Amino acid sequence: MTMHEPPFRDPSIPLPDRIDDLVRRLTLGEKVGLLHQYQAPVERLGLGAFRTGTEALHGLAWQGPATVFPQAIGLASTWDRDLVRRVGEATGDEVLAFHHKDPAGAGLNVWAPVVNPLRDPRWGRNEEGYSEDPWLTGVMAEAYARGLCGSAPENLKTAPTLKHFLAYNNETDRCTTSSSVPPRVLREYELPAFRPAVEQGVAVAVMPSYNLVNGRPAHLSPLINDVLREWAPDDLLVVSDAYAPGNLTSPQGYHDTLPEAYAHAVKAGLDSFTQDDDRSEATLNHLTEALEKGLLAEEDVDAAVRHVLSIRFRLGEFDPATPYDEITDIVVNSPEHQALAREAARRSFVLLKNDGLLPLQDAMRVAVIGQLGDTLMEDWYSGTLPYAVTARAGLAERCETIFCEAVDRVTLTADAGPVTADPGGGPLSVGVAEAGAFDLFDWGGGAYALRSVTTGRFVSVDGGTLVNDQPGPNGWEVRETFRMEERPRGTLVLRHISTGCYVGAGEDGVLRLMDDADQAVWLAMDVLRSGTDQAARLAAAADVAVVVVGDHPLVNGRETEDRMTLALAPAQDAVVAAVRKANPRTVMVITSGYPLTWTDDEVPAVLWSAHGGQEYGHALADVLFGDADPEGRLTQTWYRSEQELPDLLDYDIIASDATYLYFRGTPLHPFGHGLSYTTFDYADLRVHQDGEVITAEATVTNTGDRPGVEVVQFYTHQQRSRVKQPLRRLRGFEKVRLAPGESRTVILTLPVSELAFWDVTRERFVVESAPHQLMVGRSATDVRLSARFEVEGEIIPPQSGLLRAAAHDEYDAITFVDETKTDGDAVRSDAEGAWILFRQVDLTGVTTCVATVGSTEGGMITIRRGDPLYGQALATFPVPRTDRYDYHAIPASLAAADGVHDLYVVFENDGVILAELDFGAEA
């Protein structure tokens, strides 16, 4: 450091001291200027502008062509920590390369990975996450974040941000719905996915989610400071989701004014406001007003600024040099990254079913069929493909291929004449020329796209007019999809999905959007060429048929849109059946970001992957022809129907028997499922306990005649407990590569402390004294060996005294709500007769109880022993009317009931909020 440079620029000084020095030099106005996504420069101190938020979920996104790796759900299906880390490392290199060229365009705070457990496969953003299992999610997130942040101990390559905190799995009304999360679900399911990457210091930032959790906006969650920052070894940056701070007043209505809302957000732990894009003035004005009104103190701002600056320091902004300064754009889509993309895609394929057809032998002529057979899709958070190796292209390098998309070619005719497409890509019209032909693409869920045969471009909407000028569905607001609604005499009308408007015809014959359904033009659709017939003919002329089906990542399920069904698009489903009947040697290749169902059970081979990035076709060919064993395993349960799922907004996986942890049905394919081209035998399971560690060993042997890859999975089940326990819980796995006849001993080391669950009676984790079953096998339900072991722990005693309402054992017709605007959870009744249950309450010597309750309408609650309907009434509490966050402490005498009892708190009215019960023993 030269003599005139301030201490904050001296790398030899401890980081906290450097931050302190810089914060002292900043004026209050300059500090406030650092709390927006686009941080204002401080020229007098030599601080440049800084921006949070570069998308890097499975490769660098939104910056131009860069290496595109498989979607996150696909990366997780590799069950390969090191591979996921290497993909993160490559992505971090490309982020840095773009940053060196354009610091303003590509910032070093990356918004990845997504660690929301994939509770419900209908979630529109399913492809962004890793697994329905929180532990596996944490493993993969830590690996990816570790790659993104780099290996230099003192400098971050990039600053990874975990998304989205907390309990966020629905796009439907995502800004106004509240996720009702009981304490056990919070502590055992939602929070653990975030912990590893934060605790290991490889994720240095977190983004709260749009939704509310237990009635309180996630951006105001006390868990940010009380849990996340307690885990973090260093300062943790908390950045808002886009435009989420403004939601705190409308539509959420949680605060009346933005200064009040923003002050609360800063105090709750938010450091950076992603609001109004690069226009920071309004946000900074609201924060300044909050300071002037005393809603916010300078100390609060200082705390947030420290978190902001900590990341900038650790990225090396104020150092003379960093270990990553020499990274240039030569790394972008480099041969090494292309090879890694192919490896990741190849290892992500999951063989769901195989009757011996795969790997392909003597397949000289292959029919490649389907809407996804010769195209690669980009999702909202993927990069721009630098090149695309489709299924057709990858297979064509190996054998002769014949191809068809297998979509219907149709004409549309109104009373005024046929629908035609302008040859220049302009408006669609009726009755002005000969009939135009359109290819009809079925993406499922009633979403269709039309491509003009004349132009090869898709029908879209521009300024309310139908045009044909797009390469396919694209963009944030997808304008290329329509629904078909039936009308009399076999006609239909088109309804634009994005706007909800109907397609009508103006006086000039041009097709335009109309608000009124009565203005819709009735159309007759005639099929010129059947996609299923064409596919069947093609399949019959080939040695093998490969039907590539699946979803479009921007249609029928994506950010802002959930799915209503898991079913494969009907037209695609029909193609699979027709092809299989025409050629029994049919492989169905599913490419999707979520589990799917289909109707033809006789398809001999089924292979799944997520959208696999630029090298998808090469990877597919490697697996189909047996150059590689299919290594992927499912990280989600594949249900037989969406009917097996609870309501999309039901976040209580324990009560609803959701995910592989609690699901009692027989799934289409279980969590962890995936076949190999060889066979494996499991033997010699040994389990022993050494102090506080359980060790399990098993021998796995390749019993087939070719090399193979097995993912050995260890699960446990607690067989006796005070509470409902998971049927099985993943505790570890090992991926082994075995030659024919080769054996390997696989070892699980499990700390006894990891067998703990959240004890609601004492609000802490506890390990019970109980027998456990250890299971090892190929999936959650394909268990090959099991053994019993005993754990010496605690016996949870009866509860007494103060009982928090949210810490009950079971409930009916109850919603979790915020006790106050800043902290605490309570429960609200949703119907007359709603109840909560407290098991094993010791009432010895207790003669009184005080209920802390409130209700804007008033009401009554009753405590009953043993049963919510017929149990003895021990006490009744009239609930007076109160304002929303006002509570009354209502005392009542307790009927004589010495001993330990199960107590039901029964709500005689809906809308009553209970915070706590205090069973006070007399002196």
Side-chain angles (χ1 to χ4, degrees), residues 1-2 4-26 30 34 37-54 56 60 63 85 88-112 144-161 197-198 200-206 232-239 271-272 304-332:
M1 183 180 76
T2 60
H4 65 277
E5 288 183 323
F8 75 81
R9 293 193 176 274
D10 186 351
S12 68
I13 295 175
L15 179 59
D17 296 338
R18 297 176 72 188
I19 297 174
D20 285 342
D21 177 68
L22 180 51
V23 172
R24 282 193 298 267
R25 295 171 187 272
L26 294 168
E30 290 167 342
L34 298 177
Q37 177 187 20
Y38 287 81
Q39 297 172 26
V42 183
E43 295 179 358
R44 66 182 185 86
L45 296 177
L47 273 68
F50 185 89
R51 178 179 66 83
T52 64
T54 295
L60 174 65
Q63 302 294 321
R85 179 195 59 77
E89 191 173 64
T91 299
D93 284 347
E94 297 200 11
V95 170
L96 208 57
F98 273 80
H99 176 74
H100 287 158
K101 288 194 303 180
D102 181 13
L108 296 182
N109 168 233
V110 294
W111 288 356
Y144 192 69
R146 190 174 297 279
L148 285 171
C149 74
S151 56
E154 300 299 326
N155 286 108
L156 296 169
K157 181 190 295 183
T158 69
T161 303
V198 171
Q200 293 300 313
V202 294
V204 296
V206 172
D234 301 296
D235 285 315
L236 186 75
L237 174 68
V238 177
V239 303
D271 308 310
S272 179
V305 167
R306 288 188 62 88
H307 302 145
V308 169
L309 291 177
S310 172
I311 303 304
R312 295 176 64 170
F313 271 100
R314 291 159 68 191
L315 286 167
E317 180 178 343
F318 307 115
D319 295 348
T322 78
Y324 307 112
D325 289 346
E326 302 306 314
I327 293 179
T328 68
D329 60 4
I330 195 172
V331 303
V332 178

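Worth knowing before you read on, the calculation uses all heavy atoms, side chains too, and leaves out hydrogens, waters and symmetry mates. Only a predicted model underlies this, so the values are computations on that prediction, with no experimental measurement involved. Heads up: numbering here begins at 1 and tracks the sequence.
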Checklist outcome for this item: Taken to the nearest 0.5 Å, the spacing of Asp10 CG from Asp17 CG works out to 10.5 Å
Checklist entry - Can you find a heavy atom in the side chain of Val23 that is under 4.5 Å from one in the side chain of Phe8? => result no
Next on the checklist: So does Gly105 get a backbone contact from the side chain of Arg51, meaning a donor-acceptor N/O pair under 3.5 Å?
Outcome noted: yes
Checklist outcome for this item: Note: Pro323 and Ala152 closest approach over all heavy atoms is CG-CB, 3.7 Å
Next on the checklist: Run the side-chain contact (heavy atoms from CB on, under 4.5 Å) test on Ile19 and Asp235 for me, step by step, so that the C-alpha distance in whole Å, both residues' side-chain angles and the decisive distance to 0.1 Å come before the verdict.
Outcome noted: CA-CA 11 Å; Ile19 297 174; Asp235 285 315; 4.0 Å; yes
Next on the checklist: With a 3.5 Å distance limit and no angle check, can you tell me whether Thr54 reaches the backbone of Ala106 through a side-chain donor-acceptor pair?
Outcome noted: no
Item to check | Separation between CD1 of Ile327 and NZ of Lys157, rounded to the nearest 0.5 Å | outcome: 5.0 Å
Checklist entry - Under a 4.5 Å cut-off applied to non-hydrogen side-chain atoms, are Val308 and Phe50 in contact? => result no
Checklist entry - Stepwise, does the side-chain contact (heavy atoms from CB on, under 4.5 Å) test hold for Leu47 with Gln39? => result CA-CA 10 Å; Leu47 273 68; Gln39 297 172 26; over 6 Å; no
Checklist entry - How close do Ala159 and Val204 get, heavy atom to heavy atom, and via which atoms? => result CB-CG2, 3.6 Å
Item to check | Nearest heavy atoms of Asn155 and Gly316, plus distance in Å | outcome: ND2-CA, 3.5 Å
Item to check | Check: Gly53 main-chain N/O paired with Asn109 side-chain donor or acceptor under 3.5 Å | outcome: yes
Checklist entry - Quick one: does Asp319's side chain have a donor or acceptor within less than 3.5 Å of a partner on Pro11's backbone? => result no
Checklist entry - Are Leu26 and Leu309 close enough that some pair of their side-chain heavy atoms sits under 4.5 Å apart? => result yes
Checklist entry - How close do Ala40 and Leu34 get, heavy atom to heavy atom, and via which atoms? => result O-CD2, 3.9 Å
Checklist entry - In Å and rounded to the nearest 0.5 Å, what is the CG to CG distance from Asp329 to Asp93? => result 12.5 Å
Checklist entry - Would you call Leu108 and Val95 a side-chain contact if the rule is heavy atoms closer than 4.5 Å? => result yes
Item to check | Pairwise distance CD(Glu154) to OG1(Thr322) - rounded to 0.5 angstrom | outcome: 12.5 Å
Item to check | Side chain Thr161, main chain Val206, donor-acceptor under 3.5 Å | outcome: no
Item to check | Heavy-atom side-chain proximity of His99 to Thr158 below 4.5 angstrom | outcome: no
Checklist outcome for this item: Residues Pro7 and Arg25: closest non-hydrogen pair is CD-NH2, 3.1 Å
Next on the checklist: Donor-acceptor check, side chain of Tyr144 to backbone of Ala112, threshold 3.5 angstrom: yes or no?
Outcome noted: no
Checklist entry - If you round to the nearest 0.5 Å, how far is CG of Leu156 from OG of Ser310? => result 8.5 Å
Checklist outcome for this item: Shortest non-hydrogen pair, Pro233 vs Gly201, comes out as CG-CA, 3.8 Å
Checklist entry - Parallel, tilted or perpendicular: which describes the rings of Phe318 and Phe313, with under 30° parallel and over 60° perpendicular? => result tilted
Next on the checklist: For Val238, is there any backbone N or O sitting under 3.5 Å from a side-chain donor or acceptor partner on His307?
Outcome noted: no
Item to check | Verdict with reasoning, Glu94 to Thr91, per side-chain contact (heavy atoms from CB on, under 4.5 Å) | outcome: CA-CA 5 Å; Glu94 297 200 11; Thr91 299; 5.9 Å; no
Next on the checklist: Just verifying a value: how many Å separate Thr328 OG1 and Leu96 CG, rounded to the nearest 0.5 Å?
Outcome noted: 10.0 Å
Checklist entry - Do Asp271 and Arg306 sit within salt-bridge range, that is, some charged N less than 4.0 Å from a carboxylate O? => result no
